[in-house]
Colleague: 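Mind looking over this structure? Questions follow.
Please read all numbers here as calculations on a predicted model, not as lab measurements. Reckoned from all heavy atoms, side chains included, excluding hydrogens, waters and symmetry mates.
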Amino acid sequence: MTDSRGPQPSQETYGGEQPVQQGTQPYHPPQAYPSPSGGTQGGQPRPGPQAQQAQQAQQAAEGAAVRRPRTGATTQPRTRKARLRVAKADPWSVMKVSFLLSIALGICTIVAAAVLWMVMDAMGVFSTVGGTISEATGSNESNGFDLQSFLSLPRVLLFTSVIAVIDVVLATALATLGAFIYNLSAGFVGGVELTLAEDE
């Protein structure tokens with residue numbers, strides 16, 4: 001049999017799409033998203049920059065109005081505390097510190113004795129008390145005990161210096177011995193506990 005309809009152009013369809021006619025413009029589907037510059041958003045015109053700034057300012061004002069601080073609440077800084085324990089005392093460091101402290105104490109003792117002797121001598125204490133003692137201990141053959149010559153400034157300073165040196169030796173030895181005794185006792189009971197707090 002022969003086809004009486006004449007020659008037909010070969011056309012193919014895919015997925016129900018319309019065939020593309022030759023000599024016409026290609027098919028462009030509609031855009032699903034708006035273009036970045038201008039255009040519309042969701043079928044509505046996009047607001048300008050000034051309108052966006054006004055909306056942001058309004059939202060910030062609403063947020064500030066909602067987030068109001070509590071007036072009745074008082075914020076006080078917390079003081080940090082640490083509980084420590086002195087487990088051991090180094091005898092060598094204790095000896096050095098006690099030696100220096102005892103030397104400072106001896107110097108203060110010598111200076112205090114010199115100042116006290118000058119004040120008492122200026123007040124006339126030695127002359128008055130010395131005269132009374134010499135009259136009480138004196139006789140026809142001797143004048144009695146001379147307190148002023150016995151308690152002269154060089155002799156007082158010499159006695160005070162000897163006492164200061166003895167104090168330095170004893171204080172250093174006792175402090176070092178105390179460190180050893182503390183270490184022994186801390187091994188049994190754990191030592192002295194201290195609570196340290198941070199200064200506000």
Colleague: Using the rule that two of Ile, Leu, Val, Met, Phe, Trp, Tyr join whenever any of their side-chain heavy atoms come within less than 4.5 Å, decide whether Tyr182 and Leu184 are in one cluster.
Modeller: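 Different hydrophobic clusters.
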Colleague: Consider only side-chain heavy atoms of I, L, V, M, F, W and Y, link residues closer than 4.5 Å, and tell whether Leu157 and Val125 are in one cluster.
Modeller: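 Yes, one cluster joins them.
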Colleague: What's the separation between atom OG in Ser102 and atom CG in Leu174, rounded to the nearest 0.5 Å?
Modeller: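 Output value for this atom pair is 10.5 Å.
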Colleague: Can you check whether Leu105 reaches Asp167 side chain to side chain, under 4.5 Å on heavy atoms?
Modeller: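 They are in side-chain contact.
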Colleague: Indicate if Leu170 and Val162 have the same hydrophobic cluster label, given that clusters are the connected sets of ILVMFWY residues with side-chain heavy-atom separations under 4.5 angstrom.
Modeller: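 Yes, Leu170 connects to Val162 through the hydrophobic network.
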Colleague: Quick one: pull up OG1 in Thr128 and CE in Met123 and give me the separation to the nearest 0.5 Å.
Modeller: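 Rounded to the nearest 0.5 Å, the OG1-CE separation comes out at 9.5 Å.
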Colleague: Treat each ILVMFWY residue as a node, draw an edge where side-chain heavy atoms are under 4.5 Å apart, and state whether Trp117 and Met120 are in one component.
Modeller: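 Hydrophobic grouping puts Trp117 with Met120.
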Colleague: Give the minimum heavy-atom separation between Ala186 and Ala87, together with the two atoms involved.
Modeller: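 That closest heavy-atom pairing would be CB-O, 3.4 Å.
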Colleague: Identify the heavy atoms of Ala179 and Pro91 that sit nearest to each other, and give their distance.
Modeller: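 Closest approach of Ala179 to Pro91, heavy atoms only: CB-CA, 4.0 Å.
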Colleague: Could you measure the distance from the CG atom of Leu158 to the CG atom of Leu153? Nearest 0.5 Å is fine.
Modeller: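 The distance works out to 11.0 Å.
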Colleague: Cluster question for you: counting only ILVMFWY and a side-chain heavy-atom cut-off of under 4.5 Å, with indirect links fine, are Phe188 and Val192 together?
Modeller: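 Phe188 does not cluster with Val192.
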Colleague: Say you draw a straight line from CZ of Arg85 to OG1 of Thr195; how long is it, rounded to the nearest 0.5 Å?
Modeller: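 Rounded to the nearest 0.5 Å, the CZ-OG1 separation comes out at 13.0 Å.
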Colleague: CD1/Ile107 to OG/Ser161 distance, rounded to the nearest 0.5 angstrom?
Modeller: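 One gets 10.5 Å once the value is rounded to the nearest 0.5 Å.
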Colleague: Looking at Phe99 and Val168, what are the two nearest heavy atoms and their distance?
Modeller: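 Phe99 and Val168 have their closest heavy atoms at CE1-CG1, 3.8 Å.
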Colleague: Can you name the nearest heavy-atom pair linking Thr172 to Thr176, along with the distance?
Modeller: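 Shortest heavy-atom contact: O-OG1, 2.9 Å.
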Colleague: Within the structure provided, determine whether Val94 and Asp90 are in side-chain contact (heavy-atom separation under 4.5 Å).
Modeller: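 A side-chain contact is absent here, since even the closest heavy-atom pair is not under 4.5 Å.
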Colleague: How close do Ile110 and Thr160 get, counting heavy atoms only, and between which atoms?
Modeller: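 That would be CA-CG2, 3.6 Å.
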